[in-house]
Amino acid sequence: MPIERKVIDIEKIEEQRAICAQIFERVTADGQRPLAMVDTYGCQQNEADSEKIRGYLAEMGYGLDVIVVNTCAVREHAEMRVLGNVGALNHSKKARPGQIIAVCGCMVQQKHMAEKIKMSYPVVDLVFGPHELWRFPELLNQVMEKHKRVFAIDKAESVAEGIPLRRDGKVKAWLSIMYGCNNFCTYCIVPYVRGRERSRRPEDVLAEARQLVAEGYKDITLLGQNVNSYGKDLDCGVDFADLIRQINDIPGDFLIRFMTSHPRDATEKLFKTMAECEKCAHHIHLPVQSGSDRILKRMNRHYDRAKYLDEIATARRYMPDLVITTDIIVGFPDETEEDFADTLSLCEEVRYDAMFTFIYSKRVGTPAATMPDPYTRADKQVHFDQLMELSNRISGEKHKEYEGKTVRVLVDGETGKEEYNLSSRTNGGRLVHLHGDKSLIGQFIDVKITASNTWALYGSLEF
Ligand code: SF4
């Protein structure tokens, strides 16, 4: 049974763009210089949201003095940084009294955080949650016209098409295919702040993918909190594997990547599709979070170690060259030595190409926040360091295996360094530094890997 989706009519987005045009007229009337900044914290979904905010700002002519801080709620540390940086904006506002400061994103979707900003950060003029991003121009206009603070934290979970986008760079692009999450992992705040899963319709995703290819983008990452459940809330019979196949059929030389995959919903059909679609990168980011069945249950992850390892084996059967990366939380409440040993042994068994490891961060409002935890931060740090050591060793060993081989990479930018002035990525997403002319940016080329370390490969064009 499809869930109810609040689809924002395209006319409503056109109204927002008309407001952009009004603001443009107003702020450029006296020939002001363009000035705006969007400061982004957190995940790729937030990066993609910031591209929409920049798209709107571009239509407003950038002719206003506005700072937008797009926040993340996943870890306490990021929230503290945001609050520190927002507090520091006092100086900026004193120097430029007309400046508008907006704070948006997941952090302010939490009621206690919105309240905190209202009470303790008078420097902030506008606060809006992820569900209100589509009407950013209208909200900003209210601040400009009425000279009062605006707080917009709606809970209505929306899907909006037609918002203008301003992307960073010309080689790699994010393409959001769905929003929200239904999984309710016990440590995670995302379903509470980003709402339930809402997939964009396949025809809208395909139209955007075609446009990206036409504009020359070579590396397209399909984004969602759990891309593997794409389409379950629609009635069109297209699942995530089908979507990859349809994008793969778009003519052109480009790569399809995606993130994030939940092991609960990763299917054999997906792995088979990845193997059969020549444009789909052989890389999967499959967050395991823990190697202990007891902890996985407490995390409400809906898979166990055996199922996870079985998925990895199936994926590797279809793609022996598959690059596998993961996320791991260390120090989940009541994680014992034994539980942690299970995580270490799982990592040894899978041999991840890279691991993103985090110490558990308590999030107000999630079930894990009330779970008893006898372990200290110092205990957790010991495990974290052990895991990092293992991760670095395995990544270094896996990178060493590339040495002497010729690999196809996409050159994606400059490093700012002299010796290895260009950065590139292999099909599996491994970072390769090389030396060459910057006209190579945006091209697929063959390079010989001559050296490596834990974090990167080093390649040469001469072989
Ligand atoms: S799958 Fe779990 S960890 Fe990922 S966003 Fe959803 S609730 Fe959070």
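As the structure lists them, so they are numbered: ligands from 1, and atoms in each ligand from 1.
- Between F358 and F384, a ring centre-to-centre spacing not shorter than 6.0 Å is recorded.
- At a threshold of 2.8 Å, atom 6 (Fe) of ligand 1 has a backbone or side-chain N, O or S atom of C181 nearer than that distance.
- Note that R408 lies in the cation-pi zone of F444, set by a 6.0 Å cut-off to the ring centre and a 45° limit from the axis.
- Near F184, meaning under 4.0 Å from one of its heavy atoms, ligand 1 places the atoms 7 (S).
- Not a single donor-acceptor pair under 3.5 Å links the side chain of R257 to the backbone N or O of H283.
- Counting heavy atoms closer than 4.0 Å to ligand 1, residue P287 contributes nothing at all.
- Of all atoms in ligand 1, numbered sequentially from 1 with element shown, those under 4.0 Å from a heavy atom of Y187 are 3 (S).
- The pair R200-E208 meets the salt-bridge criterion, since a charged nitrogen lies less than 4.0 angstrom from a carboxylate oxygen.
- For ligand 1, the atoms closer than 4.0 angstrom to any heavy atom of V190 are 5 (S).
- Interface of H262 with ligand 1, defined as ligand atoms under 4.0 Å from a residue heavy atom, comprises 1 (S).
- Atom numbering of ligand 1 starts at 1 in the shown order; those under 4.0 Å from a heavy atom of C188 are 3 (S), 5 (S), 7 (S), 8 (Fe).
- Checked by atom type and distance alone, the side chain of E51 never pairs as donor or acceptor with a backbone atom of R166 at under 3.5 Å.
- Atoms of ligand 1 lying under 4.0 Å from at least one heavy atom of R301, given by number and element, are 2 (Fe), 3 (S).
- At a heavy-atom distance under 4.0 Å, atoms from both the backbone and the side chain of C185 approach ligand 1.
- Listed by number with element, the atoms of ligand 1 under 4.0 Å from a non-hydrogen atom of P191 are 7 (S).
- How far CZ of F136 is from SG of C104: 7.5 Å, rounded to the nearest 0.5 Å.
- Taking 4.0 Å as the cut-off, Q289 does not count as a neighbour of ligand 1 on heavy-atom distance.
- Geometrically, K380 does not engage Y360 in a cation-pi contact, judged by NZ or CZ lying under 6.0 Å from the ring centre and within 45° of the ring axis.
- Counting atoms of ligand 1 from 1 in the listed order, those under 4.0 Å from a heavy atom of Q225 are 5 (S).
- Under a 3.5 Å cut-off, the side chain of R305 and the backbone N or O of T343 do not form any donor-acceptor pair.
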